[in-house]
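Sequential numbering from 1 along the given sequence is applied to the chain's residues.
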Amino acid sequence: MWKPKFHIAPPHGLLNDPNGLIYWNKEYHLFYQWNPNGCEHKTKHWAHLKSKDLINWETLPIALSPTDWFDKNGCYSGSAIEKDGEIYLFYTGNVKNNDIRESYQCLATSKDGINFEKKGPVIHDRDIPKEYTRHFRDPKIFIENGIYKMVIGAQRVDLTGTVVVFSSKDLINWCFDKEVINGDFGFMCECPDFITDKDNSALLFSPQGIEADGDLYNNRYQSGYIIRDLEEINQNNFIELDRGFEFYAPQTFIDEFNKNVLIGWMGMPEELEHPSIENENWVHSLTLPRTLEIKNNKILQTPHPNLKKLRKDEITLENITVNEILNLSDFNISGDCYELIIDLKNLNTDFKIDLRIGENEKTTFSYDYKNKKATLDRNISGAGYDGSRSCSLEVLEKIHIFMDNSSVEIFLNDGEEVFTGNIYPNKNSLGIEIMTKMLFTIPMIKFFKI
Ligand code: FRU
């Protein structure tokens, strides 16, 4: 009953990071960290799916299994790139002997996009510069001025987190370049990534061990970015990608429209109190694909345009006045799998929307007009984790919600902020209500069943 309808989730077992995202031969290939043997963080494989449209996915055989000396304790995260018509996957081979960790950056290639041949390590454990521990993983490859670059998440020997870069001319021989982070980012940085959008660029990564600071960094670990190129090492202004709860280790790729698109893991390391484990023997899913754009020193994230394909049974309400409370069920707007868009242009009062309302439960998104603060509250959502998360937001002009059985993603103002999280309400908690402090006329509400 908790399985998502339109998000990628494992058939059973544990899913974590999205890996190897690539648009290749007119198809999207997506891999994810998968433990097929149980709902713990163990025996990581690369599960494999492909799609023509990012919406309808076909499951393919497991691409990588932890069966070789250089990856025997897990085929950890990594990325994909095309070379000479083949898919090249780079991943971290995690090895533990008597509790001593070794880390190998490995290559596997495929001509047909189904069968992958492991080629072994391209950066050996012994090649890790002496300044770093064996927490050295998650290679993400991209090309810059004809040279291949690989960013890797690393830990310095003084147990602080950083990101390093290697370069290569042929994807086989790699040379250590430099460290590209200079700020204080906890004890480890996982899953780095790098994007360029017109004249702007951003370094993305998932630091572990940043202290909470007001509404910032409230989750166990963070995922975010710094707007900068690889050289601007002293630019440390870190911005969180998501303001909700479960969001970690995202990865980007370039889609059919030549845009950067991001998919994240809707989960958090070390947090496994999800009711789907006990009842249904699976845990975690991926976020929806989000198109990225860098504007005014910020990454904007909007739902990928192909998601419109999911829409069914449109209901549109125009110029509808809220007199304290508006019960959307009166207009046939309710459910557990849907897309809901609310235009709030000229909002001049406090706004609140309750989702998945049932007996004694609801999930609330609210906007405090005076204090300019947006909040997602899941304290009485149902089973699973509770809590609330907030962020400041100058104005609220639009809310775009995707509800999918046990998750919710809320995009604000065409991608200015996103709140993502899991909720586990009763199956028949389906109500939706809007509340405003003062009389307010909502220009437009659009609802689609999915
Ligand atoms: C992030 C992460 C990565 C690692 C993978 C192992 O969630 O810890 O650093 O490669 O998961 O599954």
Side-chain angles (χ1 to χ4, degrees), residues 4-6 55 244 288 290-291 300-359 361-369 372-378 381 393-405 407-421 423 425-450:
K5 201 166 180 181
F6 55 96
I55 307 300
L288 293 175
R290 306 169 178 184
T291 301
L300 303 183
Q301 305 170 65
T302 45
H304 193 277
N306 291 7
L307 291 164
K308 293 196 176 109
K309 275 190 155 188
L310 293 166
R311 296 176 170 179
K312 281 190 288 203
D313 306 336
E314 171 173 347
I315 300 175
T316 302
L317 308 178
E318 274 176 84
N319 296 320
I320 181 133
T321 299
V322 190
N323 189 353
E324 285 181 11
I325 185 157
L326 178 73
N327 186 348
L328 290 182
S329 308
D330 294 345
F331 303 89
N332 240 336
I333 296 179
S334 66
D336 51 12
C337 290
Y338 57 80
E339 180 182 353
L340 176 63
I341 305 169
I342 306 175
D343 179 357
L344 291 171
K345 227 161 272 132
N346 303 321
L347 180 72
N348 55 0
T349 181
D350 289 351
F351 172 90
K352 203 157 54 157
I353 181 163
D354 287 340
L355 308 161
R356 301 299 305 270
I357 307 173
E359 222 178 296
E361 61 184 36
K362 61 185 179 183
T363 300
T364 303
F365 171 80
S366 58
Y367 183 65
D368 178 334
Y369 179 72
K372 302 181 187 305
K373 204 178 250 216
T375 301
L376 176 63
D377 186 326
R378 65 171 179 188
S381 286
L393 189 75
E394 206 48 37
V395 285
L396 178 62
E397 291 185 318
K398 186 175 167 190
I399 309 182
H400 195 158
I401 302 173
F402 288 87
M403 182 66 73
D404 190 1
N405 278 330
S407 74
V408 60
E409 280 168 278
I410 305 180
F411 296 80
L412 306 180
N413 299 349
D414 289 319
E416 197 180 331
E417 301 291 355
V418 192
F419 285 79
T420 299
I423 49 170
N426 206 295
K427 195 65 202 152
N428 44 34
S429 296
L430 303 172
I432 310 176
E433 279 177 6
I434 290 176
M435 283 135 289
T436 54
K437 200 166 176 188
M438 292 180 338
L439 207 70
F440 177 69
T441 300
I442 300 178
M444 173 106 79
I445 299 180
K446 265 184 192 293
F447 176 82
F448 304 91
K449 276 218 181 77
I450 296 184

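To the nearest 0.5 Å, the span separating CG on Asn348 from CG on Leu439 amounts to 9.5 Å. Between atom CG of residue Asn306 and atom OG1 of residue Thr291 there is a gap of 8.0 Å, rounded to the nearest 0.5 Å. Rounding to the nearest 0.5 angstrom, the gap separating the CE atom in Met403 from the CG atom in Leu340 is 8.5 Å. The structure places CD1 of Ile401 at 5.0 Å from CD1 of Ile342, a figure rounded to the nearest 0.5 Å. With rounding to the nearest 0.5 angstrom, the CD atom of Glu397 is 9.5 Å from the OH atom of Tyr367. With rounding to the nearest 0.5 angstrom, the CZ atom of Arg378 is 12.5 Å from the CZ atom of Phe419.
Summarising the geometry of Lys5 relative to Asn405, their closest heavy-atom pair is N-ND2, 4.2 Å, with the distance given to 0.1 Å. Here the shortest heavy-atom pairing between Pro4 and Asp404 reads CB-OD2, 3.3 Å. In this structure, Lys352 and Ser366 approach most closely via the heavy-atom pair CG-CB, 3.9 Å. Val418 approaches Phe411 most closely through the heavy-atom pair CG2-CD2, 3.7 Å.
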Pairs of donor and acceptor atoms involving the side chains of residues 319-332, under 3.5 Å and at least two apart or interchain, shall be tabulated with distances.
residue : atom : partner : partner atom : Å
Thr321  : OG1  : Thr441  : OG1          : 2.9
Asn327  : OD1  : Ser329  : N            : 3.0
Asn327  : OD1  : Ser329  : OG           : 3.2

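Side-chain atoms of Arg290 never come within 3.5 Å of backbone atoms of Leu300 as a donor-acceptor pair (strictly under, hydrogens ignored). Between the side chain of Asn413 and the backbone N or O of Val395 there is at least one donor-acceptor pair closer than 3.5 Å.
Here Phe447 pairs with Tyr338 under the ring pair (Phe, Tyr, Trp, His ring centres under 6.0 Å) rule; sequence neighbours left out. In terms of the side chain to side chain contact (heavy atoms under 4.5 Å, CB included) criterion, residue partners of Ser429 (sequence neighbours excluded) are, by chain and number, Glu361, Pro425, Asn426. Remark: Glu417 engages Arg243, Lys298, Cys391, Leu393, Leu412 in a side chain to side chain contact (heavy atoms under 4.5 Å, CB included) (not counting sequence neighbours). For Phe402, the ring pair (Phe, Tyr, Trp, His ring centres under 6.0 Å) test picks out His400, with sequence neighbours left out.
Counting heavy atoms from C-beta outward, Tyr369 and Thr349 have side chains that stay 4.5 Å or more apart. Between Thr363 and Leu376, the closest side-chain pair of non-hydrogen atoms falls below 4.5 Å. The side-chain heavy atoms of Leu310 and Glu339, taken from C-beta on, include no pair separated by under 4.5 Å. The closest side-chain heavy-atom distance from Pro303 to Leu288 is not below 4.5 Å.
Other residues, nucleotides and ligands contribute more than 12 heavy atoms inside 6.0 Å of the NZ atom of Lys372.
For the side chain to side chain contact (heavy atoms under 4.5 Å, CB included) with Leu355, the lone residue among Asp336, Ile432, Leu430 that qualifies is Ile432. No option in Asp377, Asp354, Thr375 other than Asp354 meets the side chain to side chain donor-acceptor pair (under 3.5 Å) test with Thr364.
Applying the salt bridge (charged side-chain N to carboxylate O under 4.0 Å, His left out) test to residues at least two apart or on different chains, the pairs with a partner in residues 440-450 are Glu314-Lys446.
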